[in-house]
Each structure stands twice: as structure tokens, then as C-alpha cells.
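What follows is one structure encoded as C-alpha cells, with my remarks underneath.
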Amino acid sequence: MQAGSLSSDQRPVRVRLAPSPTGTLHIGTARTAVFNWLFARRHGGQFLLRIEDTDKERSKAEYTANILEGLQWLGLGWDGEPVIQSARVELHRAAIQQLLESGHAYRCYASDAELTAMREGQAAAKQAPRYDNRHRNLSPEQEQAYIAEGRHAVVRFKIDDAAVITWNDLVRGPMRWSGSDLGGDMVIARRAPADAIGDPLYNLVVVVDDAAMAISHVIRGEDHIANTAKQLLLYEALGAAAPVFAHTPLILNAEGKKLSKRDGVTSVSDFKAMGYTAPALANYMTLLGWSPPVGMGERFSLAEAAAVFDFERVNKAGARFDWDKLNWLNGQVLHELTPDTLRQQLAPLWAQKGWGSEAGSASADPSWQQDLAALLGPSLSLLADGVAQAEPFFTCPPLNEAAEAQLEIEGARPALAALAAALEQRGAGNPLDAEAAQALLAEATASAGIKKGVLMKSMRAALLGSLQGPDLLETWLLLHRLGDDLGRIRRCL
Ligand code: GLU
């Protein structure tokens, strides 16, 4: 059977993301969203969202909210209202009824104990576990007898061992599956009394919904490949046009294993909380499996990627998660921000620490904060770095060992004392600019008879408590505006 031949490239492009709200937005799902979004934008198509909430026990409204929020934050807006799968259950049941009537499906009364015994027998004979289709051809009398016993039935979809399922995968090329590798007739509805149809299950529900939503291309992780073979059989049995499939490579951890919860951070909200920016994360996820055309470089926006995205440049091999590259991209994004935008992103993080939020204080002044953001910006790779590096500006830091040692150098303290005296003479409230600051440094250097470099390093030690930090003059001018420079110098004398 040529199930794949039912699919057509000619339909208007309509793709979908179909997350299950049984957890927060996982990086793998978000990457699938990126590829769907890029493909839709590239072809002027629609990117739809379907919340697959049929697992009532594990689905939670808070997870749906987290998924929608994460997609929006990443800039992966969807078209129209999200489709809620659980609201469509009667349509799913109608499709199962259709399959029962057309003879593609049947009720199976095998009990859990019987199925367990069957599987144990297979294990003992070293056979792969599969349903042996034992209830495929029950006579009406046998069926009545099971019903009379009070047994409930699942509904199974017939999968012929001899079936050959082929499709042309946009990532993996020609695919071929044998019906005998699909585990026997597949359950499409949970157990229910014989006059009812139980809860419809994943493969059936996805096919019914994708067909109803006129999805042209199903783009999802390669862990769904075996499902695709089963789903193509369902499309054919239901007389629906199958979409084109593209199975994207898995995301792997540093050891080359599938990235999982055990690897720590896996949710988009975790990355956000760690200080990654949405453009960097979206950019990075695009690179997880897709190679940009030569000359494009690795730093690009989603819109730039959408202009050239295609599946020919999606790799078949798993994509290894590379923190260094993500950090580098995040740094690039932060360095591109205007000081005002950077301030807007950092200010809430500073405020969480109680910094710069006291109304009327000099450190709460947006223009002071913007200058601080501009000073720190070039050295940030995470927004969180902008919290750590801002700390000595908002609170007077103790001197570390290297700073203490710096102040022991001959002439260091006398030079600082001369500088402090000169500053005091000018008056603490007197504004200081770069030129005046340079002049004060030159005077103090001359009066203490030391090299300018020694005084600069000593100033850094006094002001920041450490020999590391951004441009000294800018640092000093910022602290001067807080009226905080003189005190920090004086404490060292
Ligand atoms: N709800 C399924 C999942 O999250 C959707 C798979 C699909 O795209 O068909 O894995």
C-alpha cells in the first residue's frame, strides 16, 4: 500500500504544534514549534496550535498557561484560537464508530490477565511483545458470551502484518515500514461497556484532528516515526488525505543521549529564569538541527531564518546541546540591545534584590541606571551577569584579598589620600566629568610620586573591592553621581 502517495505538496501550508499540557514547555517541543513556525512563515502558511489534553489525570491548566506563555515569549505566535482536543471527543468517537462499521476496527474483550499471560509467553519464547490479534475474528456468539460475563472491551484498529507503509519524509527521505513491526492490532479506544466507546487514544485522535484542521505538513520529533506509520494506515481507513511528514532530529545532551529532565534545565521557563533572552534561545533552537546557508552566520532573528528555512538543511543526526554556543548567542543578543532596553530588562532583576528601587534615591534614577547598563552591557553573556556585576555599584563591597594587597603597595594609600582631599575640596555634590576626573588622578599621582597605573588599580580596589571590573573612569563617575566615591576611598585610608 502506498499510504504516502495520498499526501500532497500542493495544499496550502497549514502546520500545527500539538503539545500535551502534562508538563511545562519542554525545549524539544519549543524547537518543534520553531521549525513549524519557520516553515509556515516561509510559505505564507498558517501555524496552528492544538492543546492535546485528553490525558485528564496528567493535563493541567497551569501547564497550558506555561506553554502559551513560553511560545509567546519566544516570538512564536500562532494563528487563530488554540484548538482544545478534549472538546472534540465526540468527533473522535464518531471516527471510531465509522471504523467499527467499515470493518477496520473491532472490539477486543481480552482481559488484562490474558494479555499479561500472552506477553509473558512471548518473552519466554524470546519474541517481541505484540498483540496477537486474538479477538479480531470473534463470532457473534463468542462476543455475546464475553458481554454476558460482564467484560468491557477496548476498540482495536486492524494492522495487517503484510501491510507496507511508505512515505517520503522531508527530513529523512523515503521511509518504509512493515505492518508486522507495529505490534499487532492497535488500541484506539480505552475499555468501555460493549454498547459504548471508551476514551479515544492518541494515534486516532491526532489523525482525526489533523484531518479536520486540514494540516498539510506534520512536523514533529523523530520519536513519533512509528506513530506515523500507524497514522498513515488510519488516514487511509478513514478516507482522509494524509499530510506530508517531517521528522526532526532529537536533542541530545553532552553524552549524546536524548536530553531529559535528568539533564537539569529542560523547560523554556527555566532558561528564561536563568537569564537567557528569547531571541537568543529561539536562534539557538533553530540551530539545533538546522544549518543556515553559507554566509548567513549563526546569529540571526526568527524572521531572517524564516526567509530561507527549508528541510533540506535539517540534519538527520541528533543535535547535541551546546551551552557554549547558547551563551555566546545570548551575549550577542545582549550586546545588540540599546542601553535603554537593557536597563528595562535589568531593572526588575535589580529591584528584586532591593537595588535602585528606593524612590528619590540617585540609584533609582533611570538615566543613572541606563548608564550603568551601558557600562556593563559589553561584558554580559547572561542577564544574570548584569545582576552580579551591578552589585558593587548598588552596595559597597568589602575588599577582597587582591584589593587589600594592592593597597599595601608603596604610595598607594598616600595617593588615594591626596585624591580624597582634592575631591573633598571640590565638594561632594560637585558634578564630575571625565576630564576633571583625569585631572584629579594626575594631581594625586604627582603628589604621591607614584605611577598612574598604581593609582588607577588602587582606585579600582577602593571603589569596587576587587581588581576586576568595567572601565575605571566610568565606574568612578557613576559612583560619584551616587555620592558614594569618597566614602569608599576614605574607608581604605
Ligand atoms: N501530543 C503529542 C506530543 O506532545 C503530539 C505529537 C504530534 O505532533 O503528533 O508528543
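A quick note: this is a predicted structure, and the numbers were derived from the prediction, not measured. Ligands are counted one by one from 1 in listed order, and the atoms in each one are counted from 1 as well. Residues take their numbers from the sequence shown, with the count starting at 1.
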Are any of the N or O atoms of P19 closer than 3.5 Å to those of ligand 1? no
Among all protein heavy atoms in this structure, tell me which lies nearest to atom 10 (O) of ligand 1, with the distance rounded to 0.1 Å. H224 NE2, 3.0 Å
Protein residue, atom and distance nearest to atom 5 (C) of ligand 1, heavy-atom basis: A18 O, 3.2 Å
Listed once per pair and sorted, the side-chain hydrogen bond (donor to acceptor under 3.5 Å, both in side chains) pairs that draw on residues 338-353, sequence neighbours left out: T338-T341, D340-R343, D340-Q344
Output the list of atoms in ligand 1 that are nearer than 4.0 Å to some heavy atom of E52, sorted by atom number. 1 (N), 2 (C), 5 (C)
With no hydrogens and no angle check, do the side chains of S20 and R58 hold a donor and an acceptor under 3.5 Å apart? no
For Q369, all residues meeting side-chain hydrogen bond (donor to acceptor under 3.5 Å, both in side chains), sequence neighbours excluded: none
Numbering the atoms of ligand 1 from 1, which are under 4.0 Å from a heavy atom of R16? 7 (C), 8 (O), 9 (O)
For atom 9 (O) of ligand 1, what is the closest protein heavy atom, and at what distance to 0.1 Å? R220 NH1, 2.7 Å
So, N330 side chain and S381 main chain: donor-acceptor pair closer than 3.5 Å or not? yes
Do we see a donor-acceptor contact under 3.5 Å between the side chains of Q97 and E101? yes
